[in-house]
Amino acid sequence: MTKRIVIVGGGVGGTIVANVVARALHRDEAEITVIDATGDHVYMPGWLYLPFNSGEGVELSRPERTLLNRHVQLITGDVTRIDTERRELTVRTNGASLPLRDLSGAEERAAPMSYDYLVLATGARLAPEDLPGLVEGLGRWHDFYSLSGALRLRKALHDFEGGRIVIAIGGIPYRCPPAPLEFAFLLEDWLGKRHLRQTTEIHYLYPINRVFTIESVAE
């Protein structure tokens with residue numbers, strides 16, 4: 001009997017899961033569907049490097065369809081309802097709530113579609129409001145966890161002439177755990193090449209008593 005596997009989110013995690021499962025199972029074993037809000041896949045880890053290069057971020061985006069196994073169905077829309085007890089899911093696309101089974105079938109629009117296995121790969125969102133003072137201080141702090149933030153950070157670095165730079169993690173968990181440490185190393189190199197390292201203090205703040213959660217990496 002064919003199992004229906006639904007993956008909500010077409011980021012790195014959702015895309016990898018869909019492709020791995022599609023390769024592991026025969027078409028008759030599983031019907032795999034990815035639901036993504038935009039249909040565009042953005043390689044978010046690439047934002048880390050934008051402050052140090054001349055890219056504009058468009059090169060980090062591709063249509064999600066081009067990255068998925070040909071046996072994986074892609075639906076562009078927002079999930080509006082998940083009933084885990086009944087294993088039912090409804091997706092909103094083009095302004096209408098439609099079932100997963102057939103987005104072209106008007107007669108099925110009223111009822112959600114069932115699934116056998118559900119994977120939630122919706123990722124994380126930035127929440128500066130969770131850290132008191134951060135929203136009010138917008139413009140005096142920077143991030144590389146968004147395209148706009150990475151581009152603003154690039155401008156700030158190019159205007160920087162020396163002083164103190166603090167790299168801080170607001171709390172655990174956070175998106176892409178190695179990124180702050182990678183940024184510290186990239187910043188060290190960038191400042192050195194511009195003869196600013198001797199006039200700059202770099203402070204790295206971490207929520208626990210080592211520089212990374214995994215002990216072997218921290219050492």
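Every heavy atom of this structure was used, including side-chain atoms; hydrogens, water molecules and symmetry mates were not.
- No side-chain donor-acceptor contact under 3.5 Å links Arg87 to the backbone of Ile82.
- Residues Ile169 and Val135 are members of separate hydrophobic clusters, defined by side-chain heavy-atom contacts under 4.5 angstrom among Ile, Leu, Val, Met, Phe, Trp and Tyr.
- Taken to the nearest 0.5 Å, the CG atom of Asp78 stands 11.5 Å off from the OG1 atom of Thr122.
- For the residue pair Gly171 and Pro207, the shortest heavy atom distance occurs at CA-CG, 4.2 Å.
- Within the 4.5 Å cutoff, the side chain of Thr199 has no heavy atoms near those of the Leu191 side chain.
- Nearest approach of Arg27 to Thr2, heavy atoms of both residues: O-CG2, 4.5 Å.
- Between the side chain of His142 and the backbone N or O of Ala156 there is no donor-acceptor pair closer than 3.5 Å.
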**Item:** Pair Arg164-His203, side-chain contact (heavy atoms from CB on, under 4.5 Å): steps then yes or no
**Value:** CA-CA 8 Å; Arg164 177 180 294 168; His203 294 256; 3.5 Å; yes

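- The backbone N or O of Val166 sits nowhere less than 3.5 Å from a side-chain atom of Tyr204 that would complete a donor-acceptor pair.
- A continuous path of ILVMFWY side-chain contacts below 4.5 Å connects Leu196 to Ile167, so both sit in one hydrophobic cluster.
- Rounded to the nearest 0.5 angstrom, Leu120 CG and Ile7 CD1 are separated by 10.5 Å.
- Using a 4.0 Å cut-off between a side-chain N of Lys or Arg and a carboxylate O of Asp or Glu, Asp159 and Lys155 qualify as a salt bridge.
- Hydrophobic cluster membership differs between Trp141 and Leu205, with clusters built from Ile, Leu, Val, Met, Phe, Trp and Tyr side chains linked at under 4.5 angstrom.
- Partner of Val6 under the side-chain contact (heavy atoms from CB on, under 4.5 Å) criterion, chosen from Val79, Ile32, Leu118: Leu118.
- A donor-acceptor pair under 3.5 Å links the side-chain atoms of Ser146 to the main chain of Gly149, judged by distance alone.
- In terms of heavy-atom proximity, Tyr115 sits nearest to Glu88 at CE2-N, 3.5 Å.
- Between Asp143 and Leu126 the shortest side-chain heavy-atom distance falls below 4.5 Å.
- Among pairs with a residue in residues 205-219, those fulfilling side chain to side chain donor-acceptor pair (under 3.5 Å) read Tyr174-Tyr206, at least two apart in sequence or across chains.
- Here the closest non-hydrogen pair linking Leu50 and Leu60 is CD1-CD1, 4.4 Å.
- In this structure a side-chain-to-backbone donor-acceptor pair under 3.5 Å is present from Arg175 to Tyr145.
- In this structure, Trp47 CH2 and Cys176 SG are separated by 11.0 Å, a value rounded to the nearest 0.5 Å.
- In terms of modelled atom types and a separation under 3.5 Å, the side chain of Glu182 and the main chain of Pro180 share no donor-acceptor contact.
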**Request:** Show the numbers, then the answer: is there a side-chain contact (heavy atoms from CB on, under 4.5 Å) between Val211 and Leu181?
**Result:** CA-CA 8 Å; Val211 297; Leu181 207 52; 4.3 Å; yes

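- No continuous path of ILVMFWY side-chain contacts below 4.5 Å connects Val42 to Tyr49, so the two sit in separate hydrophobic clusters.
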**Message:** For a side-chain contact (heavy atoms from CB on, under 4.5 Å) check, start with the C-alpha distance between Ile5 and Val21, then their side-chain angles and the critical distance, and finish with the verdict.
**Reply:** CA-CA 9 Å; Ile5 301 171; Val21 173; 3.7 Å; yes

**Asked** Please walk me through it: do Arg194 and Glu161 pass salt bridge (Lys or Arg N to Asp or Glu O under 4.0 Å)?
**Response** CA-CA 10 Å; Arg194 282 154 183 77; Glu161 296 179 350; over 6 Å; no

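- Here the side chain of Asn19 pairs a donor or acceptor atom with the backbone of Leu67 at under 3.5 angstrom.
- Remark: Leu187 CG to Phe52 CZ distance equals 5.5 Å, nearest 0.5 Å.
- Within the 3.5 Å criterion, the main-chain N or O of Val12 finds no donor-acceptor partner in the side chain of Thr15.
- Open room surrounds CD on Gln198; 12 or fewer heavy atoms of other groups in view lie less than 6.0 Å from it.
- Nearest approach of Pro51 to Leu153, heavy atoms of both residues: CG-CD2, 3.7 Å.
- To the nearest 0.5 Å, the span separating CZ on Arg65 from CG on Asp40 amounts to 13.5 Å.
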**Prompt:** When you look at Ser61 and His41, which way does the side-chain contact (heavy atoms from CB on, under 4.5 Å) test go after all the steps?
**Reply:** CA-CA 6 Å; Ser61 179; His41 181 99; over 6 Å; no

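- For the pair Leu68 and Ala18, the tightest heavy-atom approach, listed with the atom from each and the gap, is CD2-CB, 4.1 Å.
- Side-chain N or O atoms of Thr66 include one that pairs as donor or acceptor with a backbone N or O of Pro63 at under 3.5 Å.
- Distance alone, capped at 3.5 Å, places no donor-acceptor pair between the Asp36 side chain and the Thr76 backbone.
- The local environment of NE2 in His195 is sparse, with at most 12 non-hydrogen atoms from other residues, nucleotides or ligands closer than 6.0 Å.
- Cluster membership for Val217 and Leu186, using ILVMFWY side-chain heavy atoms within less than 4.5 angstrom, is shared.
- Remark: Asp116 CG to Lys3 NZ distance equals 5.0 Å, nearest 0.5 Å.
- With respect to Arg197 and Glu188, a salt bridge is recorded, a charged nitrogen being found less than 4.0 Å from a carboxylate O.
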